[in-house]
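Here the structure comes first, spelled out in structure tokens, and everything after it is commentary.
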Amino acid sequence: MTLIRAPRWERILTVVVLGPLTIATGAVVAAVAFDPGTAASGFVVVLGSALVVPGTWITVRARRVGVSLSDETFRYRGFLLSWSAPRRQITAVLDDAFVEWRDERGVEHRRQVWLLTQVWEDDGTKFAPLWRWRREGLLLIRAWADARAV
């Protein structure tokens with residue numbers, strides 16, 4: 001089985017910074033509701049909670065985010081959603097990180113592998129090596145599935 005994940009530094013940054021920062025922002029927004037002069041305090045609490053819940057979810061799921069390629073199945077574990085596709089039924093792996101496949105009934109599916117979307121184009125700058133792993137992972141999936149690119 002092959003596992004494609006973000007580099008260790010990026011996973012740690014997500015767990016230590018992104019999730020807790022979202023949680024803290026939600027807590028501060030919700031705390032504003034308890035200020036005596038606040039209008040629409042119920043809405044502010046709901047808005048703060050709407051940040052705390054995903055922040056907690058991201059923090060918990062960040063360590064498991066990745067793509068696993070077994071002999072017969074493609075599995076994607078994302079921050080919010082997970083999904084899988086049978087290897088033999090994958091028809092395309094596109095450059096924008098979409099995977100297309102047909103199920104047993106012939107219904108076409110198309111889902112994006114958010115982990116491998118290109119945040120920055122490989123423009124040759126000094127930061128380009130930080131993002132090349134995404135392209136390499138996408139090409140590995142394409143070769144594994146023996147799928148077309150377009």
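The structure displayed is predicted, hence computed values, not measured ones.
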Item to complete: Might you work through the side-chain contact (heavy atoms from CB on, under 4.5 Å) test for Ile90 and Ile141, ending with a clear yes or no?
Response: CA-CA 10 Å; Ile90 295 175; Ile141 293 169; 5.8 Å; no
What heavy-atom pair brings [X] and [Y] nearest, and what distance separates the two atoms?
| X | Y | value |
| --- | --- | --- |
| Ile4 | Gly137 | CD1-O, 3.7 Å |
| Ala97 | Leu138 | CA-CD1, 3.8 Å |
| Ala33 | Val45 | CB-CG2, 3.3 Å |
| Trp144 | Ser70 | CZ2-O, 3.0 Å |
| Tyr76 | Gln112 | CE2-O, 4.2 Å |
| Trp101 | Ser84 | CZ2-O, 3.9 Å |

With a 4.5 Å limit on heavy-atom distance, are the side chains of [X] and [Y] in contact?
| X | Y | result |
| --- | --- | --- |
| Asp96 | Thr117 | no |
| Val93 | Phe74 | no |
| Arg142 | Asp95 | yes |

Worksheet item: Are side-chain N/O atoms of Ser82 and Arg61 paired as donor and acceptor at under 3.5 Å?
Response: yes
How long is the straight-line distance from [atom2] of [Y] back to [atom1] of [X], given to the nearest 0.5 Å?
| X | Y | atom1 | atom2 | answer |
| --- | --- | --- | --- | --- |
| Arg75 | Leu3 | CZ | CG | 12.5 Å |
| Arg63 | Arg77 | CZ | CZ | 12.0 Å |
| Asp103 | His109 | CG | NE2 | 3.5 Å |
| Glu108 | Gln89 | CD | CD | 12.0 Å |
| Arg88 | Thr73 | CZ | OG1 | 10.5 Å |

Could you check whether atom [atom1] of [X] has more than 12 heavy atoms from other residues, nucleotides or ligands sitting under 6.0 Å from it?
| X | atom1 | answer |
| --- | --- | --- |
| Asp146 | CG | no |
| Phe98 | CZ | yes |
| Trp83 | CH2 | yes |
| Arg110 | CZ | yes |
| Arg11 | CZ | yes |

Worksheet item: Is there a donor-acceptor contact under 3.5 Å from the side chain of Trp57 to the main chain of Phe79?
Response: yes
Do [X] and [Y] belong together in a cluster built from hydrophobic side chains that touch within less than 4.5 Å?
| X | Y | value |
| --- | --- | --- |
| Val65 | Leu18 | yes |
| Val28 | Leu47 | no |
| Ile58 | Val15 | no |
| Val17 | Trp131 | yes |
| Leu69 | Leu115 | yes |

Worksheet item: Could you go step by step and tell me if Glu10 and Leu13 meet the side-chain contact (heavy atoms from CB on, under 4.5 Å) rule?
Response: CA-CA 5 Å; Glu10 193 172 324; Leu13 190 66; 5.5 Å; no
Practice prompt. Indicate yes or no: does Glu72 engage Arg87 in a salt bridge with an N to O separation below 4.0 Å.
Written response: no
